[in-house]
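Below is one structure, written out as structure tokens, with a few remarks after it.
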Amino acid sequence: MLSSLPQMLSGEQVRCALHISKRKCAWMLNNGFIKCQNTSKRTGKYTVLKEDLLTYIEDSQKHPEKYVTPHAEFSTAKYSCNRKTQPRKTGFPSSLPSTFRPWLEQEFESVPDALTVPQVIAITGYTDNTVNRWLHQGHLKSVQTQTTKIVSKLWLIGFYCSYAYTISQMSDKHINLMQKFFKENGGK
């Protein structure tokens with residue numbers, strides 16, 4: 001679809017190409033996520049070069065942490081009274097250092113080798129729905145026994161070293177764990 005786009009795009013064409021809402025598209029253009037010309041007119045306000053859109057798409061796939069948008073800003077969730085705003089992953093490098101796995105193995109030395117789902121929830125700080133979704137989608141491995149699912153400590157460590165590092169809304173426990181690692185390893 002992107003190959004059929006013209007060289008100069010309107011804000012609406014950018015929105016359609018990215019499959020995002022009008023509010024999110026305007027916010028991204030106004031905040032410099034995508035390089036554009038802003039004419040300050042009421043309609044037809046933005047013009048974007050096709051190469052700038054392709055640059056954004058490529059860079060956002062390589063470095064998603066650079067393009068984090070405000071939590072629930074573009075949905076009705078921000079109007080929910082009982083919803084707690086989650087902390088965002090900020091300040092971490094785009095790729096996880098190779099020293100993280102040995103450090104985490106030492107950090108989790110006292111953790112049992114076989115964990116139940118409630119134990120995984122307690123260790124990670126994520127909700128039961130989130131952990132069960134990871135298990136169902138295969139991001140976190142488990143084995144089904146007659147009565148419960150069991151997660152190996154090594155599988156949990158592997159999860160932290162792969163998929164979990166890409167989570168944009170890390171739990172407080174996860175953020176604290178990452179901050180501790182980077183503090184002890186000199187921010188590298």
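All heavy atoms count here, side chains included; hydrogens, waters and symmetry mates do not. Throughout, numbering of the chain's residues begins at 1 and tracks the sequence.
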> Are Leu140 and Tyr163 close enough, and set up right, to give a side-chain contact (heavy atoms from CB on, under 4.5 Å), and what steps lead you there?
Replying inline: CA-CA 9 Å; Leu140 180 59; Tyr163 179 79; over 6 Å; no
First locate atom [atom1] of [X], then atom [atom2] of [Y], and finally report the distance between them rounded to the nearest 0.5 Å.
X: Phe100; Y: Leu177; atom1: CZ; atom2: CG; value: 5.0 Å
X: Leu154; Y: Cys161; atom1: CG; atom2: SG; value: 10.5 Å
X: Phe181; Y: Glu107; atom1: CZ; atom2: CD; value: 11.0 Å
X: Met170; Y: Asn176; atom1: CE; atom2: CG; value: 11.5 Å
X: His139; Y: Ser162; atom1: NE2; atom2: OG; value: 9.5 Å
X: Arg23; Y: Cys25; atom1: CZ; atom2: SG; value: 13.0 Å

More than 12 heavy atoms from other groups under 6.0 Å of [atom1] on [X]:
X: Gln144; atom1: CD; result: yes
X: Glu105; atom1: CD; result: yes
X: Gln106; atom1: CD; result: no

Could you pull out the closest heavy-atom pair between [X] and [Y], with the gap in Å?
X: Ser171; Y: Gly125; result: CB-O, 3.4 Å
X: Glu109; Y: Lys153; result: O-NZ, 3.6 Å
X: Tyr46; Y: Ala26; result: OH-O, 3.9 Å
X: Ala164; Y: His174; result: O-CE1, 3.3 Å
X: Gln13; Y: Met8; result: OE1-O, 3.9 Å
X: Ile121; Y: Tyr126; result: CG2-O, 3.1 Å

> Do Phe108 and Ile123 pass the side-chain contact (heavy atoms from CB on, under 4.5 Å) test, and can you show the C-alpha distance, the side-chain angles, and the key distance before you say yes or no?
Replying inline: CA-CA 10 Å; Phe108 280 6; Ile123 291 168; 4.0 Å; yes
Any donor-acceptor pair under 3.5 Å linking the side chain of [X] with the backbone of [Y]?
X: Asn31; Y: Trp27; value: yes
X: Ser152; Y: Ala114; value: no
X: Arg15; Y: Ile20; value: yes

>> Is there a path of hydrophobic side-chain contacts, each under 4.5 Å between heavy atoms of I/L/V/M/F/W/Y residues, joining Leu104 to Trp155?
In response: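 Same hydrophobic cluster.
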>> With clusters defined by side-chain heavy atoms of hydrophobic residues (ILVMFWY) lying less than 4.5 Å apart, directly or transitively, does Ile150 cluster with Ile157?
In response: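 No, because Ile157 and Ile150 fall into different hydrophobic clusters, even though each may have its own neighbours under 4.5 Å.
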With the side chain counted from C-beta on, respond yes when [X] and [Y] share a heavy-atom pair under 4.5 Å apart, and no when they do not.
X: Leu29; Y: Asn38; value: no
X: Leu5; Y: Leu53; value: yes
X: Phe159; Y: Val151; value: no
X: Arg133; Y: His136; value: no
X: Ile34; Y: Leu18; value: yes
X: Val120; Y: Trp134; value: no
X: Tyr56; Y: Val48; value: no

>> Holding to salt bridge (charged side-chain N to carboxylate O under 4.0 Å, His left out), I want the full list of residues that pass it with Asp52, two or more places apart in sequence or in another chain.
In response: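 In terms of salt bridge (charged side-chain N to carboxylate O under 4.0 Å, His left out), with neighbours along the sequence ignored, Asp52 is linked to no residue.
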> Between Leu49 and Lys35, does a side-chain contact (heavy atoms from CB on, under 4.5 Å) hold up when you go through it step by step?
Replying inline: CA-CA 8 Å; Leu49 292 174; Lys35 189 176 171 185; over 6 Å; no
> Do Thr47 and Leu9 pass the side-chain contact (heavy atoms from CB on, under 4.5 Å) test, and can you show the C-alpha distance, the side-chain angles, and the key distance before you say yes or no?
Replying inline: CA-CA 6 Å; Thr47 54; Leu9 304 164; over 6 Å; no
